[in-house]
**Student:** 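Here you go, one structure.
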Amino acid sequence: MRVLVTGGAGFIGASLLERLIENGANVRVLDNLSTGDFVNISRLLRSGGATMIKGDIRDFKTVKEAASGCELIYHLAAQSSVPRSTEDPALDLEVNVNGTHNVLAAAREAGAKVVFASSSVVYGVPRRVPTPEGEPLTPHSFYGASKAAAEDYCRLYSELFGTPTVILRLFNIYGPGTSKGLMFDLYRKLLRDRRRLEVLGSGLQKKDYLYIDDAVAAFLMASEKAAFEGEAYNIGLGESYTVLQIAEMIFEELGLEGVQVVPKGGTSWAGDVELTQPDVTKAELELGWKAKVGIKEGIRRTLEWFKKSIGPL
Ligand SMILES: NC(=O)c1ccc[n+]([C@@H]2O[C@H](COP(=O)([O-])OP(=O)(O)OC[C@H]3O[C@@H](n4cnc5c(N)ncnc54)[C@H](O)[C@@H]3O)[C@@H](O)[C@H]2O)c1
């Protein structure tokens, strides 16, 4: 089967690409390498299982060319930083809304299904925790607004044009390959100073963290099991932990004692949502997907990777 992965040189895209190649798919990557890195996928490209188009999802002609002949599109390319979306809301709108529209229009022409990488941030500050998919979407950031709008375009392409789409609302994804997020930030700070660790905000922000292999499994299961009628699924661990709890787990795993944790105070960044925890029942019942890697095991594997890639403490 010929498959297109937009954003395939990014953190999640590169892991997804690896699994797709292992499963025998013929994969094309479309990525402009704005945050992704060619190094992430050069080995996979050399293996012959994938080809790469360096191009931008904001350009319809490029997206159409990339989608031609594909049966399935995993659409991950995005401006995915909340702080960046506050600095430049227009960029977010262009990449995440217009870019997603280009992917949908190209999928419609190619007769391809689309699995869309959305985000937990579409809920904004949730009224209910754990949050089920039926909760209202009241995003708290431009990034969240762009993902919520893109979700609507997916749903409407399914409803009005019959283009098969499914939406995955990913919570915080972490693991080998990441170069951002809480665990990466804490590890880098500990490399500089293992006696004193400054954390953003109060440290009591409580979020759901999902290990990368489980996120990739969700993409694969959604492409097999979803009805592709524009429906959305929460994809998270279903548990949430404070920044201070994650820091403690990291100290324990690294054998560090007596680290002074210093919360910086205030909010971490404009638009941050300080409490996230999904209800993941729908994905379990309808896709047969459930996270397998617990938080401690996920942190252990991630720290092993940090030691090799960034250096030991
Ligand atoms: N990592 C997470 O915790 C998380 C959580 C929720 C949702 N998501 C979503 O999952 C997807 C993948 O996230 P990630 O963490 O791998 O991010 P990432 O930034 O590592 O990957 C995004 C990829 O898209 C590419 N890209 C960006 N703009 C592009 C454009 N205009 N045209 C073509 N390519 C472009 C980048 O170069 C990069 O390779 C994104 O849509 C993101 O919003 C991620």
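Note that ligands are numbered from 1 as they come in the structure, with each ligand's atoms numbered from 1 the same way. The figures that follow rest on heavy atoms only: side chains count, while hydrogens, waters and symmetry mates do not.
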**Student:** So which heavy atom in the protein is nearest atom 6 (C) of ligand 1, and how far is it from that ligand atom?
**Tutor:** L170 O, 3.3 Å

**Student:** For S120, state whether at least one heavy atom is located under 4.0 Å from any atom of ligand 1.
**Tutor:** no

**Student:** With a 4.0 Å cut-off on heavy atoms, does K147 reach ligand 1?
**Tutor:** yes

**Student:** Do me a favour and list the nearest non-hydrogen protein atom to atom 1 (N) of ligand 1 with residue, atom name and distance?
**Tutor:** I12 CD1, 3.7 Å

**Student:** Tell me: protein heavy atom nearest atom 39 (O) of ligand 1, and distance?
**Tutor:** D31 OD2, 2.6 Å

**Student:** Work out whether the distance between some heavy atom of F171 and some atom of ligand 1 is less than 4.0 Å.
**Tutor:** yes

**Student:** Can you sort out which atoms of ligand 1 are near F11, meaning under 4.0 Å from one of its heavy atoms?
**Tutor:** 15 (O), 16 (O), 20 (O)

**Student:** For the ring pair Y157 and H101, is the centre-to-centre distance below 6.0 Å?
**Tutor:** yes

**Student:** Which donor-acceptor pairs under 3.5 Å do side chains of residues 188-196 form with protein atoms, sequence neighbours excluded?
**Tutor:**
from : atom 1 : to   : atom 2 : distance (Å)
K189 : NZ     : D185 : OD2    : 3.2
K189 : NZ     : E198 : O      : 2.9
D193 : OD1    : R195 : N      : 2.9
D193 : OD1    : R196 : N      : 3.4
R194 : NH2    : L313 : O      : 3.3

**Student:** Run the numbers for me: atoms of ligand 1, each under 4.0 Å from some heavy atom of N172, listed by number.
**Tutor:** 3 (O)

**Student:** Working note: D59 + K61, criterion salt bridge (Lys or Arg N to Asp or Glu O under 4.0 Å); need CA distance, chi angles, decisive distance, verdict.
**Tutor:** CA-CA 6 Å; D59 178 41; K61 211 167 141 256; over 6 Å; no

**Student:** Taking only residues at least two apart or on different chains, which pairs with a member in residues 110-127 satisfy salt bridge (charged side-chain N to carboxylate O under 4.0 Å, His left out)?
**Tutor:** R127-E135

**Student:** Using a 4.0 Å cutoff against the non-hydrogen atoms of S80, which atoms of ligand 1 qualify?
**Tutor:** 17 (O), 19 (O), 42 (C), 43 (O)

**Student:** Between ligand 1 and S118, can you find any atom pair, the residue atom being a heavy atom, that is separated by under 4.0 Å?
**Tutor:** yes

**Student:** Check this for me, if you would: do E71 and R2 make a salt bridge, where the nitrogen-to-carboxylate-oxygen distance has to be below 4.0 angstrom?
**Tutor:** no

**Student:** Do M183 and F306 make a side-chain contact, defined as non-hydrogen atoms from C-beta onward lying under 4.5 Å apart?
**Tutor:** yes

**Student:** Out of curiosity, L237 CG to Q277 CD, how far, rounded to the nearest 0.5 Å?
**Tutor:** 9.0 Å

**Student:** Do R43 and E18 sit within salt-bridge range, that is, some charged N less than 4.0 Å from a carboxylate O?
**Tutor:** yes

**Student:** Among all protein non-hydrogen atoms, which one is nearest to atom 31 (N) of ligand 1, and what is the separation to 0.1 Å?
**Tutor:** D56 OD1, 2.9 Å

**Student:** When you measure from the heavy atoms of G99 to every atom of ligand 1, does any distance fall below 4.0 Å?
**Tutor:** no

**Student:** Go through ligand 1 atom by atom and flag the ones less than 4.0 Å from a non-hydrogen atom of L33.
**Tutor:** 37 (O)

**Student:** Would you check the N or O atoms of V95, main chain and side chain alike, for any that come under 3.5 Å of an N or O of ligand 1?
**Tutor:** no

**Student:** What protein heavy atom is closest to atom 23 (C) of ligand 1, reported as residue, atom name and distance in Å?
**Tutor:** G7 CA, 3.6 Å

**Student:** Please check if atom CZ in F142 has more than 12 non-hydrogen atoms from other residues, nucleotides or ligands closer than 6.0 Å.
**Tutor:** no

**Student:** Side-chain contact, heavy-atom cut-off 4.5 Å: V114 with L104?
**Tutor:** yes

**Student:** Checking Q79 against N96: is there a side-chain donor and acceptor pair closer than 3.5 Å?
**Tutor:** no

**Student:** So does K207 pair up with D272, basic N to acidic O under 4.0 Å?
**Tutor:** yes

**Student:** How far is atom 18 (P) of ligand 1 from its nearest protein heavy atom, and which residue and atom name does that atom have?
**Tutor:** K180 NZ, 3.6 Å

**Student:** List every atom of ligand 1 that sits less than 4.0 Å from any heavy atom of Y143, numbering the atoms from 1 in the order shown and giving each element.
**Tutor:** 7 (C), 8 (N), 42 (C), 43 (O)

**Student:** Using the benzene-type ring in the case of Trp, are the ring centres of F171 and Y209 under 6.0 Å apart?
**Tutor:** no

**Student:** For atom 32 (N) of ligand 1, what is the nearest protein heavy atom, given as residue, atom name and distance?
**Tutor:** I57 N, 3.0 Å

**Student:** For ligand 1, find out whether one of its N or O atoms is nearer than 3.5 Å to an N or O atom of Q79.
**Tutor:** no

**Student:** Using side-chain heavy atoms (C-beta onward) and a distance below 4.5 Å, is F219 in contact with R19?
**Tutor:** no

**Student:** Which heavy atom of the protein is the closest neighbour of atom 30 (C) of ligand 1, given with residue, atom name and distance?
**Tutor:** N32 ND2, 3.2 Å

**Student:** At less than 4.0 angstrom from any non-hydrogen atom of L76, what atoms of ligand 1 do you find?
**Tutor:** 11 (C), 12 (C), 40 (C), 41 (O)

**Student:** Do the side chains of E304 and K307 get close enough for a salt bridge, i.e. N-O under 4.0 angstrom?
**Tutor:** yes

**Student:** In terms of atom number and element, which parts of ligand 1 are under 4.0 angstrom from non-hydrogen atoms of G36?
**Tutor:** 36 (C), 37 (O), 38 (C), 39 (O)

**Student:** For atom 2 (C) of ligand 1, which of T100, T35, I173 has the closest heavy atom?
**Tutor:** I173

**Student:** Are R169 and E151 close enough for a salt bridge, meaning some N to O gap below 4.0 Å?
**Tutor:** yes

**Student:** Purely on distance, is any nitrogen or oxygen of A77 under 3.5 Å from one on ligand 1?
**Tutor:** no

**Student:** Below 4.0 Å from ligand 1: does a non-hydrogen atom of R169 turn up there or not?
**Tutor:** no

**Student:** Could you list the atoms of ligand 1 found under 4.0 angstrom from a heavy atom of A9?
**Tutor:** 39 (O)

**Student:** Between ligand 1 and S34, is the shortest N or O to N or O distance under 3.5 Å?
**Tutor:** yes

